[in-house]
Amino acid sequence: MDFEQIKALIQLVDSSGITEFELEGGDLRLRIRKASTPAQPPAAVPPGAQLEPVAAPMVGTFYRSPAPDAPPFVQEGDAVSPGQVLCVIEAMKMMNEIEAELSGVVRQILVADGQPVEYGQVLMLIERRA
Amino acid sequence: MDFEQIKALIQLVDSSGITEFELEGGDLRLRIRKASTPAQPPAAVPPGAQLEPVAAPMVGTFYRSPAPDAPPFVQEGDAVSPGQVLCVIEAMKMMNEIEAELSGVVRQILVADGQPVEYGQVLMLIERRA
Amino acid sequence: MRRILVANRGEVALRIIRACRELSIETVAIYSEADRTALHTTQADEAVCVGPAPAEQSYLHMQNILAAALICGADGVHPGYGFLSENALFAEMCAAHGLVFIGPSSQHLELLGDKARAKAVMEEAGVPVIPGSGVISSRTDLVETAAELGYPVLLKARSGGGGKGMRLAQDRTELLRVFDTARAEARASFQDDAVYLEKCLLGARHIEVQLLADNYGNVVHVGERECSLQHRYQKLLEECPAPQISAELRARLGAAALQGARAVNYRGAGTMEFLVDPAGNFYFVEMNPRLQVEHPVTELVYGVDLVKEQIRLAAGEPLRYSQAMLSPRGHAIECRINAEAVAPGSRPIPGVVEKLIVPGGPGVRWDSHIYQGYSVPPFYDALLGKLIAWGEDRQEALRCMERALQELVIEGVQTSLAFHRAVLRDERFRAGSYSTDFVRQWLAESEIVG
Amino acid sequence: MRRILVANRGEVALRIIRACRELSIETVAIYSEADRTALHTTQADEAVCVGPAPAEQSYLHMQNILAAALICGADGVHPGYGFLSENALFAEMCAAHGLVFIGPSSQHLELLGDKARAKAVMEEAGVPVIPGSGVISSRTDLVETAAELGYPVLLKARSGGGGKGMRLAQDRTELLRVFDTARAEARASFQDDAVYLEKCLLGARHIEVQLLADNYGNVVHVGERECSLQHRYQKLLEECPAPQISAELRARLGAAALQGARAVNYRGAGTMEFLVDPAGNFYFVEMNPRLQVEHPVTELVYGVDLVKEQIRLAAGEPLRYSQAMLSPRGHAIECRINAEAVAPGSRPIPGVVEKLIVPGGPGVRWDSHIYQGYSVPPFYDALLGKLIAWGEDRQEALRCMERALQELVIEGVQTSLAFHRAVLRDERFRAGSYSTDFVRQWLAESEIVG
């Protein structure tokens, strides 16, 4: 799968009701999740809630956890506070931790683990809380 | 004077208050007439009068009279009826008489005697009368 | 020459204006009411409206065109291709009014316009001609002559051109069926319903040789062009030089073209059309006494500006080239981008060019009158522009054309771009040994009609 | 090579994409947030946003560019001209990550980037170099060295390029006055405030020689270019071949360029810049280890695609040309159409291209990234496109360029078109013996600033 296809997938997922999408190579493993039946039901987004995008500050590879077998930094529905690590972007063998800049709840993670991201690409949406 | 300059002059006269404009070569002879002081005052154009254009049906040279020393076919202010000759257009040595297609009064003659005209160029304006 | 009236429209009118500018010759454009905002109208030094949209009342209206030329003080008239370019009467009228007609004499136009007579003259001069008949006098004559030639046969209009009045017949029944239609089409198009028969060579290629001749007996050929890629007898893509041709055949074609031009004392720019069969035999088909649509491929390969040369020759200058000075460099391909998909039953649909991105970079030439916002009028032919690509060899030219076709964006009107892109990918086309049957077969096999 | 990341924007990014397509190499474009709808972004096979509008954060952001190259599976990086094209560190980083940097080695970039060192190496190799100094250590050194060289002198940045950090001084007072500004400008532009002095040759012409070298010791030159038409040390018009140059001088320039390239074991495409004085003496100024903006004039005259050759050479292919195979045909001229009038104090003004009509027809090439509706961003250089014209000789090329400039319509942004049109009419320019002083003198005398 090339970068364009991946971007198309991201956009497709982004614009659909699907909140999680996984795909594996080899003998193919596919997993699609819809918001109506989430694994762990996130708090409902109240109408008028302010969703803030977290954008990639660099080009690189997006990772949800610090190591392949470690749990993800955050899950959808998690509350986060400023300075908390949300994910890492690997660029040129360097792991760059991306931190939350506000207090809120992670509403949507838009990029799959291990996928390339370009500058400015929206990684996740956080609902701002006071 | 080239075709473009002539066209520009025609447009200038057309858009100005000037109703007649003459120019000669050699030692220069210029003659400009305004509608407010016409040689023979045409009947005033009543507001809402319907002015019908007479367009050149061919490319050629416009003449107001059948011969250099003959009087013009029509003057501004003249009443004309269908079939009456308004002017001739000379093309390839052929004199083509241009006839009125309606009854009315010649309000404005837009092309100077002996000037080239292109297809569709408006030669004069006639106020339609029943 | 000081001032030339360009008796045409579209890309060829622009092409002539470009040549005139480079020769410091002023230009007078003519335009129909449908072409008031066309580029040829705005780019010329002067422009005269010669009639309403239909061509018969404007671009074919000899009196208005000549009156415009005389009034504007033109001393020459360039007819381009199509419209009045092969009209002997128009050439004669120009001459009668002291205007240089940029083309051969009216006598040449008359002789070469009668396709049957032209063939007879060439045969006499020792140029091999395509087997065929004189004018068909009756249905009996038709059937008997066809039997002698052997099927398939081509029915062609004596005064024809551009594929009009032309029909292919595989057998007697089909021939009798198309006879009346062909004659009616010929009458409608050329005011002459005389038709004749020609043997249809299976797997033949359409190859033509470019000629330049001055008024003093000097003639050179500027190489050949491959024009076999045709749909309904309309060329869609041309190449220079012709691929898969031996040096020996190329030399023989050039020599035959010179022989033919000398036989009729030809003057100016012209083209000898040949059919070349798979065995390498070639036959004269007709001579086009004018600029060809596809002239740019020759220009790119030979480094010669054919339109400037044509004007110089018409002005009475001697040829500036000897045969030895004309050597090819690389390979060029032209795609005729039409406002029409290439598909059975397709028709051009007028519209507005809503977006235009013109390809650029090395090797690319774009001859076109369209611009973003241009409205394609429904009255004239469907050519939107000619995309021409040059490369050091055929392989490089193909790659250059492929990427130029990829870059070209024309939105708002249907085009032949999908066809051209698909043909460029076709293996048989890339191998370079395609004949005039190629597009028909290709359309039959292919699903691409876009 | 299978996939190349194009580390640039604008017309040169498109130029590289075109070359890659013709070589069947996939392309990855990089773009800043200001170039999301740019043609290089949309024309490449893939495109990766590498940062916000300012070049330091996008087109100069090595880490993001390399990450994009690695993530997209590129095996080569083409830097174009400007931006990172002469950055030795970037070339080294590419190599360290297994990416082919399409240019010479980082060692070459380091050597040739130090203008003073490059001159020393060339002098050692027997190439005549422009009289000048090493790096200036103090104001005393400055004044003494200038006195030795004789006024006027040029103050230049050691790591310079594009005229930045460059100042002309007619006397001691002026020299002392510009010393600090030149150093400050050099520091800001190249993070290196070292400057040196060069003798300013009055009436000299800027002539450069194009080189191609493979990894196996083969070097050819592809003729010379005349680049004297400059404003504030920025070239505005270039020609190939240089007019008014004797065959003997041309041969000596070619030989010196080959000698210089061999002395540094140069690889890939590069250019040796010389100043030629009115007596026909020439002096090495610097070597540009990259593609030049003006490369198309050479391509048109020599029939060589320099970008394709550059990529082939970087991929390790041997040179496909011997010196004998490279012969010029005709003459080519390039006008750099900038989004800026050429006048004292003029500055580029961003805007939207509201109307664009691109010239076409024989001899014309247009290398540009603009299209109707394109918004010219204020962040990058002012080049809108390069208009290139070819003719069988200089006279024909000039006429072709004149009519192409007449056809080109760019509305909505200010351009240098009025300047280029006026220069083309200038008798001294047409005579072909102009020097680097030409534009300054011309602007002083002329009222045309449009």
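Lettering of chains follows the sequences in order, A, B, ..., and the numbering in each one begins at 1. Computation of the quantities below employed the complete heavy-atom set of this structure, encompassing side-chain atoms and omitting hydrogens, waters and symmetry-equivalent molecules.
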Can you tell me which portion of D:E22 sits under 4.5 Å from chain C's heavy atoms? Options are side chain, backbone, both or neither.
both

Please evaluate residues D:R399 and C:S24 with respect to the criterion side chain to side chain contact (heavy atoms under 4.5 Å, CB included), reporting the C-alpha separation (whole Å), side-chain torsions for both, the decisive distance (0.1 Å), and the verdict.
CA-CA 8 Å; D:R399 286 175 172 283; C:S24 299; 2.5 Å; yes

As a quick check of understanding, evaluate salt bridge (charged side-chain N to carboxylate O under 4.0 Å, His left out) for D:E392 and C:K308, giving each step before the final call.
CA-CA 12 Å; D:E392 3 183 294; C:K308 274 154 72 172; over 6 Å; no

Tell me, for C:E299 versus chain D, whether the close heavy atoms (under 4.5 Å) come from the side chain, the backbone, both or neither.
side chain

Top contributor to chain C contacts, counting heavy-atom pairs under 4.5 Å, from D:E402, D:Q395, D:E396
D:E396

Between D:R403 and chain C, which part of the residue has a heavy atom less than 4.5 Å away: side chain, backbone, both or neither?
both

Kindly indicate, with the supporting measurements, whether the criterion side chain to side chain contact (heavy atoms under 4.5 Å, CB included) is fulfilled by C:E407 and D:R21.
CA-CA 11 Å; C:E407 281 180 31; D:R21 279 196 178 151; 3.8 Å; yes

Contacting region of C:I370 [heavy-atom separation from chain D under 4.5 Å]
neither

Quick one: pull up OH in C:Y371 and NZ in D:K355 and give me the separation to the nearest 0.5 Å.
6.0 Å

Can you give me the closest heavy-atom contact between D:P362 and C:D367, atom names plus distance?
N-OD1, 4.5 Å

Contacting region of C:L300 [heavy-atom separation from chain D under 4.5 Å]:
backbone

Go through the atoms of C:R15 and report whether side chain, backbone, both or neither lie under 4.5 Å from a heavy atom of chain D.
side chain

Under 4.5 Å to a heavy atom of chain C? For D:L14 that would be neither

